[in-house]
Structure formats: C-alpha cells, structure tokens
Trainee: 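Sharing a structure, written as structure tokens. Questions coming.
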Amino acid sequence: MNVFSNFQSIVKKEIEGMMDAAVLPAGLELDAIAAAPPREAGHGDIAINAAMVLAKQAKMPPRKIADALAERLRRDADVAAVEVAGPGFVNVALRDGFWHARLAEILATGTAYGASTIGAGARINVEFVSANPTGPLHVGHGRGAVFGDALARLLEKAGYQVTREYYINDAGGQIDALVRSLHFRYREACGEKPGIMPEGLYPGDYLFAVAEAFKVRDGTKWLNLPEATWFAPVRDFAIEQMMAMIRTDLDRLGIQFDVFFSERSLHAAGRVEAALTRLEQAGVIYTGVLEPPKGMVPEDWEPRPQTLFRATQFGDDVDRPLKKSDGSWTYFAADIAYHFDKIERGFPTLIDVWGADHGGYVKRVQAAIAALAGDKAELDVKICNMVRVLDQGVPVKMSKRSGEFVTLADVVDAVGKDVVRFIMLTRRNDAMLDFDLTKVLEQSRENPVFYVQYAHARARSVARRVAAEHPDFELAAPAWGQAPLARLGHAGELQLIKRLAHFPETVEAAARAHEPHRIAFYLYDLAGDFHSHWNLGNDDPALRFIVPGNRDLTFARLALVQGIATVIAAGLAVMGVAPVEEMR
RNA sequence: GCGCCCGUAGCUCAGUCGGAUAGAGCACCAGAUUCCUAAUCUGGGGGUCGUGGGUUCAAAUCCCGCCGGGCGCACCA
C-alpha cells in the first residue's frame with residue numbers, strides 16, 4: 001500500500017463529504033491536495049495541505065477548513081490524533097496498529113513489496129547503451145547501461161510493460177573505419193607488413209583477436225583484392241564480432257535486451273524514405289540554405305541548398321539537414337525513421353538514454369516525434385553525465401586516440417558487477433559521477449554499497465543466530481503471520497516500520513520521474529535507521545532483537561528484521577543488485 | 001554568440017506535485033566496545049540554497065535578467 005496516496009484519497013472523500021454537507025461550497029478543484037510525509041517528526045505521520053489549497057476557492061479562512069477536516073478525520077479507525085498547525089496544515093498521527101499492519105503486509109508480500117499499478121500495463125520503450133559497434137564498452141557506456149536497465153526494472157515494478165532496446169549504429173563512416181581497421185589487422189595476421197596504421201582507423205588491441213578469428217574462418221582469401229570485394233564480408237564479420245563482445249560485456253553486468261535494432265536494416269527496408277514521406281505530407285520538409293551558427297563559423301562553411309526538416313516549427317533552434325552533400329541520408333534522417341518505427345510499434349512513451357555529449361541532439365528528435373506522432377507519443381531523453389574514473393583519488397588517464405582507455409569489462413573485473421551497478425546509481429543521472437576504484441571497495445559508511453549490504457547481512461545474521469540458539473522458533477519456515485507484531489512499540493521500531501512503509505511511495509515517485517537513483521538513496525537511509533537502532537542494543541540490552549526468555553518479543557522483533565531484509569532485497573532488485581547474506 | 005544541463009555546509013551530494021525551523025556523508029571537536037559484526041553508533045559546531053527581481057497563503061523548487069562551471073553547435077555517429 002502507498003500510505004500517502006491512500007490517505008490522499010481518504011482526504012478527498014472527506015472534502016467531497018464536506019461539500020455535500022455544505023460545509024464547503026460545491027465544485028472545488030481538488031487536484032492540488034496532497035498528503036505527504038512531514039519533514040519534522042513532531043508533525044505526525046502525514047501532513048495535509050488541503051485547507052491552504054482550498055481557502056481561496058472556498059473564500060474561507062484556512063484554519064476553519066482545517067478544523068472541520070480534522071474533526072472528520074478523527075473518526076477514522078486508523079487515526080490516533082489530528083492537529084491543525086501553522087498556516088493550516090492538518091497533521092495526522094496514525095495508530096501503531098496501522099503500522100503493524102504495514103509490516104504484516106511486507107512479510108506476506110515478500111520482495112514483491114513496493115510493486116505498483118500506476119503503469120497500468122502501458123507499454124514503454126527504453127532505448128539505452130546503443131554504443132557504436134566499433135570497440136569495447138567504456139565506463140561511460142556502463143553508466144548508461146546500468147541506468148537504463150535499472151529504469152526498466154523500476155518501470156516494471158511500477159506496472160509498465162517495458163521493452164529494452166539497443167540501436168545498433170551499423171551504418172556510416174565509423175563502421176567504414178572499423179572495417180578497414182579489421183582488414184589491416186587481418187593482413188598482419190596473414191603475415192603481411194602493411195606498416196603503420198593510417199590516421200582515422202582504430203588502433204586498439206581488441207581487433208587482433210578478431211582478425212585472427214577472421215583468418216581462421218576465411219584463410220587468406222581476402223588478401224590482394226580491391227576493397228569493394230572484401231568490404232561486405234569483413235563488415236559483416238566485424239559487426240557480428242563487435243556486437244558479440246558488447247553483449248558479453250553487458251551480460252556480465254546482468255543486462256539483456258529484448259530488441260537489437262539495426263540502423264542498416266532501416267536503410268535496406270526503405271524505412272527512411274517512408275518516414276520522410278510522412279514528414280513531406282505534413283509539409284515540414286523543404287530545400288533551403290542554413291545560416292552559419294552565430295559567433296562560431298566553421299572553417300569550411302559554405303552556404304548551400306539542403307533538404308531540411310522544419311524543426312523550428314516544433315521547438316528546435318534551427319531547421320535540420322536530412323541529406324549529406326553526396327546525397328546520402330544524415331544520421332538524423334535515419335534516427336527519425338528509427339523513432340517512427342518505435343511509434344508505429346505502438347509505444348505511447350519512449351525513453352532514450354544518451355551520453356552528455358548528445359545533449360544538443362534532444363530537441364531535434366523531440367521535434368521529429370512531435371511532427372510524426374503529435375501527442376500520440378512522447379519521448380523523454382535521459383542524459384547520463386560523464387563518469388570520472390579515479391584510483392585512490394587520482395584520475396585514471398584515458399585516451400581513445402591511442403586506444404588506451406578503461407573499459408567497462410576492466411572495471412567489472414576489478415570491483416564486481418553489483419558494486420558497479422550500485423555506484424552508478426548513487427548520483428542523479430544528470431550529475432557528473434566520480435567512480436573511485438579503491439573507495440568503492442572500502443568498508444565504511446562513506447561507501448553506500450557496503451553500508452546497505454552490511455545492513456542486509458546484519459539482518460540475516462540475526463536470523464541465523466536465532467535459528468542456532470532458539471530452534472523452537474522454527475525459523476526454517478517461520479510463520480510470520482503468527483508474529484505478535486503488537487509487541488513492537490519502541491519509537492525506533494516504529495520509525496523503522498514507517499521507513500519500510502515509505503518504499504511503495506518511493507518506487508512510484510521514482511518511476512514517475514524516471515529516476516532510479518532515488519531507490520539507492522532510500523536504501524541508504526533505511527540502512528542508516530537500521531544500524532542506528534541496532535546500536536541502541538549496546539547501551540540497553542532490552543532493545544536487542546534477541547531477548548532471551550521473551551519468546552513473543554523476540555518473535556516480533558525478528559519479524560521486523562525480516563521486513564527490513566525483505567525491503568532492502570526488494571530495493572536492490574530494482575537496481576539489479578544481489579543482496580549479500582554475510583560480509584567477508 | 002546560441003541551445004541544453006548544473007550552481008545547496010570547508011569537500012562530495014540528497015531534497016517528492018511548491019509546504020512548516022533546508023538534510024546526509026566526509027572533514028573537524030567530544031563520546032560509546034564484558035554486546036546479535038565498533039566494518040557500527042551518539043552528540044556538537046558549520047548555510048545570504050550563485051545573484052537580483054517576479055508569481056504565490058507558502059519558493060532551494062515555478063518564471064525572467066545577470067554571474068560562474070560543464071556539454072554541444074550544417075554536410076560525424
């Protein structure tokens with residue numbers, strides 16, 4: 001249960017009742033009414049802003065509305081106390097029994113707890129990574145990969161039907177460079193001495209093995225032939241191998257895609273022409289000459305007529321070219337076709353996850369979607385900012401030119417999949433992220449992965465201990481439904497349950513905002529509450545989870561610990577991280 | 001020059017649909033260990049929320065102008 005949206009509807013019903021009873025004038029707009037957790041603990045469990053929101057509309061003083069609402073809410077069986085405070089807040093405190101029922105709900109639901117129906121089964125397409133198949137994934141790709149997958153999991157948890165998609169940029173000049181690079185290495189593998197690799201090709205080590213594999217498959221048959229002869233077979237082999245490599249890297253992060261969509265297939269099937277015909281019919285394509293960007297004229301600028309998309313009509317800054325001077329389509333033209341394809345496949349919501357260097361590309365794609373689909377489809381572009389790789393606080397040098405850079409696989413090797421996934425979600429997607437290879441393995445509160453995992457391990461250690469020392473609890477298969485939860489009356493215990501009960505609300509808000517990092521911060525807070533409460537047992541043995549000689553109390557506290565482990569595991573699952581049973 | 005993102009404690013960052021006295025970690029200072037993991041916890045000092053206006057009962061949050069930083073800027077992908 002989302003405690004707050006649940007109570008919000010209770011409040012709205014009461015307001016409607018007040019309108020029916022003519023306590024309030026009829027026809028008030030209720031949308032802005034919110035039931036939210038108050039910042040101050042002293043303000044109860046739920047703060048309601050209804051009186052302030054309605055005061056102007058109803059032409060009544062807020063305190064008067066608040067008093068009347070408070071009076072009605074006091075009749076609710078779950079409500080312990082209602083106070084009117086400040087400018088007209090209605091602060092509600094709920095009975096302990098309500099919170100005990102939330103814990104019972106968690107225990108009955110297991111790690112499915114927090115699942116929501118706000119998505120209502122709507123289809124949503126999340127496109128992420130989409131790295132050019134010209135080399136191994138680097139750490140920046142890893143951030144997009146983790147972000148996209150966690151967002152997909154989050155949306156699934158919130159009731160959406162998600163398609164994970166990877167757009168393969170297997171057409172264009174960068175692929176040509178890859179093909180020539182591979183053929184160069186292939187000649188070397190066959191014993192030729194082609195000399196120094198020409199400018200603009202990919203010098204990285206990873207092509208040696210691919211060239212070797214190509215030689216094993218085809219022998220020397222592609223030597224001493226014109227490029228036109230060997231280009232297609234080398235290209236197909238190269239792309240296949242690069243994608244296999246990329247898929248392996250992603251697999252090691254626990255990421256799988258539903259759809260790999262080839263850019264070349266769009267061209268081959270005439271989909272680019274089809275999409276542009278659509279735009280032509282809409283009258284948003286014309287031939288014109290662009291002005292050079294102000295204050296920054298490119299060296300080789302020359303005014304020339306181009307085929308342009310009238311992007312300015314849909315909020316972009318300038319109109320965008322669709323054809324290169326050699327007559328072939330621009331990348332943007334193909335991308336229009338790709339998004340048109342997604343729209344035609346029936347997704348009302350599209351999400352693209354891009355790197356920071358593509359920020360300037362957002363408006364034109366959104367403009368294209370507006371032109372193609374009107375309001376039938378919307379695109380949210382999530383920009384993942386750069387990752388700085390550090391080692392003990394010192395930046396690790398990366399140079400794409402020399403082919404030396406920290407690959408995603410290197411980092412996964414060094415710190416493990418779960419650490420990579422967690423750390424990538426400890427910042428908002430649009431903030432820069434420092435990834436310190438040493439610090440992420442440290443065992444301290446500074447390191448959120450450790451801190452959260454430690455909380456889970458502690459919870460599990462209590463269970464193990466009880467199983468060993470109190471076999472009468474039958475903890476191999478405890479009947480949590482029998483736990484006497486009413487024994488949980490300590491403020492710290494109730495605080496923990498309240499934190500657990502915030503999880504569904506956190507999932508929904510994160511899903512709505514497309515912000516999976518909120519789950520990581522929530523788990524960090526929950527872990528903090530747990531560690532804090534745990535240590536109260538140092539000073540006061542009566543507060544420990546295991547109370548010798550008090551079976552009921554121990555059983556109830558054990559249920560709380562189980563609830564904590566369950567919610568941590570549920571949150572980690574959204575992040576794609578496995579909870580640990582014990583620390584090593 | 002234009003567009004997008006960002007600016008919150010000394011540092012790194014949270015801050016929900018606009019909500020009450022703006023939070024956490026690190027660092028600094030002072031404490032807790034016959035105890036289920038002290039790998040942790042408790043307390044303290046530390047803020048013109050870059051800046052100036054505006055909207056609102058209410059602004060870190062929304063709008064506009066400046067200042068500072070990042071990314072990008074026709075025929076690359």
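Each chain gets a letter, A, B and so on, in the order the sequences are listed, and its residues count up from 1. Side chains included, hydrogens not; waters and symmetry mates left out as well; all remaining heavy atoms used. What you are looking at is a predicted structure, and each value in this text was computed from that prediction instead of being measured.
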Trainee: Could you tell me how far apart A:Trp354 (CH2) and B:C71 (P) are, to the nearest whole angstrom?
Mentor: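 Computing the A:Trp354:CH2 to B:C71:P distance gives 19 Å.
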Trainee: Using the P atom as the reference point in each nucleotide, state the distance between B:A59 and B:C67 in Å, no decimals.
Mentor: 26 Å
Trainee: Determine whether any donor atom in the side chain of A:Asp539 lies under 3.5 Å from an acceptor atom in the base of B:C41, or the reverse, and answer yes or no.
Mentor: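 Answer no: no donor N or O sits under 3.5 Å from an acceptor.
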Trainee: Tell which nucleotide pairs with B:C41, taking only Watson-Crick or G-U wobble pairs whose two distances are both under 3.5 angstrom.
Mentor: B:G31
Trainee: For the aromatic rings, using the six-membered ring if either is Trp, is the centroid distance between A:His514 and A:Phe147 under 6.0 Å?
Mentor: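 For A:His514 and A:Phe147, the ring centres are not under 6.0 Å apart.
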Trainee: Give the rounded distance in Å between these two atoms: CZ of A:Arg428 and C1' of B:A14.
Mentor: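 Value for this atom pair: 9 Å.
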Trainee: Give none if B:C13 has no partner; otherwise give the nucleotide forming a Watson-Crick or G-U wobble pair with it, both distances under 3.5 Å.
Mentor: B:G23
Trainee: So, is the end of the A:Lys324 side chain (NZ or CZ) under 6.0 Å from the ring centre of A:Trp329 and within 45° of the ring's axis?
Mentor: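 Not satisfied by the 6.0 Å and 45° rule.
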Trainee: Separation of A:Leu523 atom CG from B:G25 atom C1', in whole Å?
Mentor: 16 Å
Trainee: Across the strands shown, which category fits A:Ala509 at heavy-atom distances under 4.0 angstrom: base, sugar-phosphate, nothing?
Mentor: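 The answer is nothing, as A:Ala509 stays clear of every strand by at least 4.0 Å.
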Trainee: Taking the same atom, P, in B:C63 and in B:G3, what whole-Å distance lies between them?
Mentor: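 After rounding to an integer number of Å, I get 15 Å for this pair.
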Trainee: For A:Asp540 and B:U42, give me the distance from atom CG to atom P, rounded to whole Å.
Mentor: 15 Å
Trainee: Pick the C1' atom in B:G45 and in B:A27, then give their distance to the nearest Å.
Mentor: 13 Å
Trainee: Mind checking if A:Tyr524 touches a base, just sugar-phosphate, or nothing, with heavy atoms under 4.0 Å?
Mentor: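 Touches sugar-phosphate only.
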Trainee: Nearest heavy atom decides the nucleotide; on that basis, is A:Arg458 or A:Ile33 closer to the 5' end of RNA chain B?
Mentor: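 Closer to the 5' end of RNA chain B: A:Ile33.
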Trainee: Which heavy atom of A:Phe530 sits nearest to which heavy atom of A:Arg458, and what is that distance?
Mentor: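 That would be CE2-CB, 3.9 Å.
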Trainee: With both distances under 3.5 angstrom, what nucleotide forms a Watson-Crick or G-U wobble pair with B:G18?
Mentor: none
Trainee: Mind checking the P distance from B:G68 to B:G25? Whole angstroms is fine.
Mentor: 35 Å
Trainee: Hey, what do you get for NE2 (A:His517) to CZ (A:Arg427), rounding to the nearest 0.5 Å?
Mentor: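 Spacing of NE2 (A:His517) from CZ (A:Arg427) equals 10.0 Å.
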Trainee: Report the base-pairing partner of B:C36 (Watson-Crick or G-U wobble, both distances below 3.5 angstrom), or none.
Mentor: none
Trainee: Spell out yes or no: do the side chain of A:Arg445 and the base of B:C26 have one donor N/O and one acceptor N/O closer than 3.5 Å?
Mentor: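 Side chain to base: no pair below 3.5 Å.
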Trainee: Please give the nucleotide sitting opposite B:U56 as a Watson-Crick or G-U wobble pair, both distances under 3.5 Å, or none.
Mentor: none
Trainee: Please give me the minimum heavy-atom distance between A:Ala238 and A:Leu182, naming the atom from each residue.
Mentor: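 That closest heavy-atom pairing would be CB-CD2, 3.6 Å.
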Trainee: According to the 5.5 Å centroid and 30° plane-angle thresholds, does A:Phe89 stack upon the nucleobase of B:A20?
Mentor: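 Stacked: centres under 5.5 Å apart, planes under 30°.
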Trainee: Return the stacking result for B:A20 and A:His43: yes when the ring centres lie under 5.5 Å apart and the planes under 30°, no otherwise.
Mentor: yes
Trainee: Can you check whether A:Arg388 has a side-chain N or O nearer than 4.0 Å to OP1 or OP2 of B:U12?
Mentor: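 Checking A:Arg388 against B:U12: no side-chain N or O falls below 4.0 Å of OP1 or OP2.
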Trainee: If we take the P atom in both B:A30 and B:C11, what is their distance in whole Å?
Mentor: 23 Å
Trainee: Which word best sums up how the rings of A:His502 and A:Phe4 line up, parallel for under 30°, tilted for 30 to 60°, or perpendicular for over 60°?
Mentor: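 A:His502 vs A:Phe4 ring planes: perpendicular.
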Trainee: Is the shortest side-chain N/O distance from A:Trp534 to OP1 or OP2 of B:A38 below 4.0 Å?
Mentor: yes
Trainee: Would you mind classifying the nucleic acid contact of A:Glu508 as base, sugar-phosphate or nothing, using non-hydrogen atoms under 4.0 angstrom?
Mentor: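 Result for A:Glu508 = nothing.
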Trainee: Could you pick out which residue, A:Phe450 or A:Ser325, lies toward the 5' side of RNA chain B when each is mapped onto its nearest nucleotide?
Mentor: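 By nearest-heavy-atom nucleotide position, the 5'-most residue is A:Phe450.
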Trainee: Would you indicate what A:Val318 reaches in the nucleic acid, counting non-hydrogen atoms under 4.0 angstrom: base, sugar-phosphate, or nothing?
Mentor: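 No contact.
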Trainee: Counting side-chain heavy atoms from C-beta on, which of B:C13, B:A74, B:G23 comes nearest to A:Glu40?
Mentor: B:G23
Trainee: Describe the nucleic acid contact of A:Asp316 in one word from base, sugar-phosphate, nothing, applying a heavy-atom distance below 4.0 Å.
Mentor: nothing
Trainee: Tell me: CZ of A:Arg499 to C1' of B:A24, nearest whole Å?
Mentor: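 That distance rounds to 11 Å.
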Trainee: Determine the contact category for A:Arg464: base if any of its heavy atoms lies under 4.0 Å from a base atom, sugar-phosphate if only primed atoms, P, OP1 or OP2 are that close, otherwise nothing.
Mentor: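 Result for A:Arg464 = nothing.
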Trainee: What does A:Tyr331 touch in the nucleic acid at a heavy-atom separation under 4.0 angstrom: a base, only the sugar-phosphate, or nothing?
Mentor: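 Result for A:Tyr331 = base.
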Trainee: Just checking A:His358: base, sugar-phosphate only, or nothing, at a heavy-atom cut-off of under 4.0 Å?
Mentor: base
Trainee: Starting at atom CD of A:Glu515, determine the distance to atom P of B:C17, rounded to an integer number of angstrom.
Mentor: 8 Å
Trainee: Which one, B:U40, B:C26, B:G19, comes nearest to the side chain of A:Ser444?
Mentor: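 Nucleotide nearest to A:Ser444's side chain: B:U40.
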Trainee: Answer yes or no for A:Arg310 and A:Tyr286: cation-pi contact, defined as NZ/CZ to six-membered ring centre under 6.0 Å and angle to ring axis within 45°.
Mentor: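 Geometry flag: set, cation within 6.0 Å and 45°.
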Trainee: Looking across every strand, which nucleic acid part, if any, lies under 4.0 Å from A:Gly172 by heavy atom: base, sugar-phosphate, or nothing?
Mentor: sugar-phosphate
Trainee: With a 3.5 Å cut-off and just heavy-atom distances, do the side chain of A:Asn91 and the base of B:A20 make a donor-acceptor pair?
Mentor: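 Indeed, a donor on one side and an acceptor on the other fall under 3.5 Å apart.
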Trainee: Would you mind reading off the distance between A:Arg364 atom CZ and B:A74 atom P, rounded to a whole angstrom?
Mentor: 9 Å
Trainee: Would you indicate whether the side-chain heavy atoms of A:Val452 and A:Phe422 approach each other to under 4.5 Å?
Mentor: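 When only atoms from C-beta onward are counted, A:Val452 and A:Phe422 do touch, with a gap below 4.5 Å.
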Trainee: Paired with B:U51: which nucleotide, if any, by Watson-Crick or G-U wobble criteria at under 3.5 Å for both distances?
Mentor: B:G65
Trainee: Classify A:Arg518 by what it touches in the nucleic acid, base, sugar-phosphate, or nothing, heavy-atom distance under 4.0 Å.
Mentor: sugar-phosphate
Trainee: Pairing check on B:G72: which nucleotide meets the Watson-Crick or G-U wobble criteria with it, both distances under 3.5 Å?
Mentor: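 When the pairing criteria are applied, B:C2 turns out to be the nucleotide that pairs with B:G72.
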Trainee: Which part of the nucleic acid does A:Ala334 contact within heavy-atom distance under 4.0 Å: base, sugar-phosphate only, or nothing?
Mentor: nothing
Trainee: If the test is side chain to side chain contact (heavy atoms under 4.5 Å, CB included), which one of A:Val574, A:Thr506, A:Val507 qualifies with A:Tyr522?
Mentor: A:Thr506
Trainee: Determine the Euclidean distance between corresponding P atoms of B:G1 and B:G44; express it in Å to zero decimal places.
Mentor: 48 Å
Trainee: A:Glu165 vs A:Lys342, test: side-chain contact (heavy atoms from CB on, under 4.5 Å). Steps then yes/no.
Mentor: CA-CA 10 Å; A:Glu165 190 151 325; A:Lys342 289 198 242 185; 4.2 Å; yes
Trainee: Work out how far the P atom of B:C5 is from that of B:G52, and round it to whole angstrom.
Mentor: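 Rounded to whole Å, the distance is 23 Å.
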Trainee: Is A:Thr426 near enough to B:C13 that one of its side-chain N or O atoms lies under 4.0 angstrom from OP1 or OP2?
Mentor: no
Trainee: Could you state the NZ-P distance from A:Lys439 to B:C26, rounded to the nearest angstrom?
Mentor: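 Atom NZ in A:Lys439 sits about 12 Å away from atom P in B:C26.
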Trainee: Could you give the distance separating B:G18 and B:G54 at their C1' atoms, to the nearest angstrom?
Mentor: 15 Å
Trainee: Kindly say if A:Tyr451 contacts the phosphate of B:C41, meaning a side-chain N or O under 4.0 Å from OP1 or OP2.
Mentor: yes
Trainee: Using a 4.0 Å heavy-atom cut-off across all strands, classify A:Glu291 as base, sugar-phosphate, or nothing.
Mentor: nothing
Trainee: Using OP1 and OP2 only, check whether a side-chain N or O of A:His531 sits under 4.0 Å from B:A24.
Mentor: no
Trainee: For B:A77, does OP1 or OP2 lie under 4.0 Å from any side-chain N or O of A:Lys324?
Mentor: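 Checking B:A77 against A:Lys324, a side-chain N or O does come within under 4.0 Å of OP1 or OP2.
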